[in-house]
Amino acid sequence: MYALVDGNNFYVSCERVFRPSLEGHPVVVLSNNDGCAIARSDEAKALGIKMGHPFFKIRKEFPNAGIIALSANFVLYGDMSSRMMGIAAALGPNQEIYSIDECFVGLDGVGGDLVRRAHAIRNRLQCWLGLPAGIGIGQTKTLAKLANHVAKSAVRKPGSYPEDLGYVCNLAGLPASDLDAVLAATPVGDIWGVGRKINKQLEEMGVTTALQLANLEPSLVRKRWSVVLERTVRELQGQPCIGLDDTPPDKQQIACTRSFGRRITDLPSLEEAVSLFASRAAEKLRKQDGVAAQVLVFIHTSPFSDGKQYANSATVRLLRPSSDTLRIAQGAVKGLRSIYKPGFDYAKAGVMLLDIGSAGVVQGELDLFADMEERTDLMSAIDGINAKFGRGSIRVASAGAGEQKREWQMRQELRTPRYTTNLADIPIARA
DNA sequence: TCTGGGGTCCTAGGACCC
DNA sequence: TCTGGGGTCCTAGGACCC
């Protein structure tokens, strides 16, 4: 038995905690560069604003709707998320943090009234953090996801489901016929694991509801699609196939990629950007105590522009696996130079670390490379200083030494303060 | 003017091995 | 007409997730 705890309109809700005046207004949170909507309040959804909708189009289409747009404040959301996960963990013995606003909780061995218990957690999230959340409970993770979906729909359209579910729905507590009714009322594309492509293929076969999907023969589904969809079918039938991942393994690849605030054409600016991305990626790598053997760098022009297009990537193998910012940045720049072509307007670049292993294993090797000794102390010192004084306090010279704003830096013109993580930004309450 | 970022898993096909 | 039979490993690409 699983529960899925999910923060409603998470980014918008985080913003509303510190700016209650946003309550009741259509609010959207924008992606990096204020590009498109990645979170919407209920009011914004009601207007018909879609996930991923470009902001410049939203402004054009809804000039008078009073939409409030905010730049994504990921530092705030990350901090609110960890507080939320701490509270949600009390629901059961095991927790899998599935995304910034969702976690699964294993309910094995949890006695008593699960719905009542879930409501208690929900109330805590609301009272202690000011975050609204929905909780779905089901026999499998896929059913818990569906239950959460049902709980939300029931709030939006009261009376359209078997009982008034509030923000909590326990599908495992329903009689089989009621579960079938819920499945029959759910479009197949709303099921976890059914994306756009498979949705279309299923519809072409006449499978449009979750109930129809649940009634397909698993072995046929495996043959026609894959084991992935087969698992979804079995999970809908109540047979658990996807376990709880409460100790996620270290990342196998680590990426840092960004679109630029402005197109850039010259190599030095690209080198600056790529060096910075490489440093960020190396930082993440060191956090999991890993080393990477390969560095991939890519650059491309904007697929949305009519101009000349160019996209390329290069993979550079390091002399030996490393988490050293300088070595990784050097590798990235070397790769960049091998693919850079002048005369294009570059819109995006990125660095990915591949072939990741554990640092301990490499250090166990013979120390034949005295001259290549890992600068682990230097790196810890850099990480420590950046943690204390803010990201970028120390950086590699090729990532740009000046204090001036880099011209390619992303736009974030509408960002709110870092209320919970920056002393200077802490809200002050006045009587 | 203006279209995100960061992941996972699975599969097919080729290279290579005995 | 016809050319073994397994394996493993690696990579690229596709699908999905939030």
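Fair warning: this is a prediction, and the values are worked out from it, not measured in the lab. Numbers restart at 1 for each chain; the letters A, B, ... are given by sequence-line order, proteins then strands.
Side-chain atoms of A:Thr140 and A:Gln239 include no donor-acceptor pair closer than 3.5 Å. At a cut-off of 3.5 Å, with distance as the only test, a side-chain donor of A:Thr420 or A:Asp79 sits close to an acceptor on the other residue. Under the 3.5 Å distance criterion, with hydrogens and angles disregarded, a donor-acceptor pair is assigned to the side chains of A:Thr208 and A:Gln212. A donor-acceptor contact closer than 3.5 angstrom links the side chains of A:Lys45 and A:Asn9.
Note that A:Arg59 lies in the cation-pi zone of A:Phe55, set by a 6.0 Å cut-off to the ring centre and a 45° limit from the axis.
Taking 4.0 Å as the cutoff to heavy atoms of chain A, we find the contact window on DNA chain C bounded by C:dA15 to C:dC18.
The two residues A:Leu107 and A:Leu91 make their nearest non-hydrogen contact at CD2-O, 3.8 Å.
Each of A:Ser226 and A:Phe304 was assigned the nucleotide of DNA chain B with the nearest heavy atom; the assignment lying further toward the 5' end belongs to A:Phe304. Closest-nucleotide positions on DNA chain B for A:Ile254 and A:Lys57 were compared, and the one nearer the 5' end corresponds to A:Lys57.
The same atom, C1', is picked in C:dG4 and in B:dC16; the two are 16 Å apart, to the nearest Å.
Nucleic acid contact class of A:Trp225 (heavy atoms, under 4.0 Å, all strands): none. A:Arg262 comes within 4.0 angstrom of no nucleic acid atom, judged by non-hydrogen atoms across all strands. Nucleic acid contact for A:Arg222: none, since no nucleic acid atom lies under 4.0 Å from a heavy atom of the residue. A:Asp101 comes within 4.0 angstrom of sugar-phosphate atoms only, judged by non-hydrogen atoms across all strands, and of no base. Heavy atoms of A:Lys145 sit under 4.0 angstrom from primed sugar atoms or phosphate atoms, though from no base atom. As judged by a 4.0 angstrom heavy-atom cut-off over every strand, A:Gln253 is placed among the base-contacting residues. No engagement by A:Ile100 is indicated, since no non-hydrogen atom pair under 4.0 Å with the nucleic acid exists. At a threshold of 4.0 angstrom between heavy atoms, the contacts of A:Arg280 with the nucleic acid are absent.
Using the Watson-Crick or G-U wobble rule with both distances under 3.5 Å, B:dC18 pairs with C:dG5.
Contacts of A:Gln201 classified as side chain to side chain donor-acceptor pair (under 3.5 Å), with partners at least two apart in sequence or in another chain: A:Trp225.
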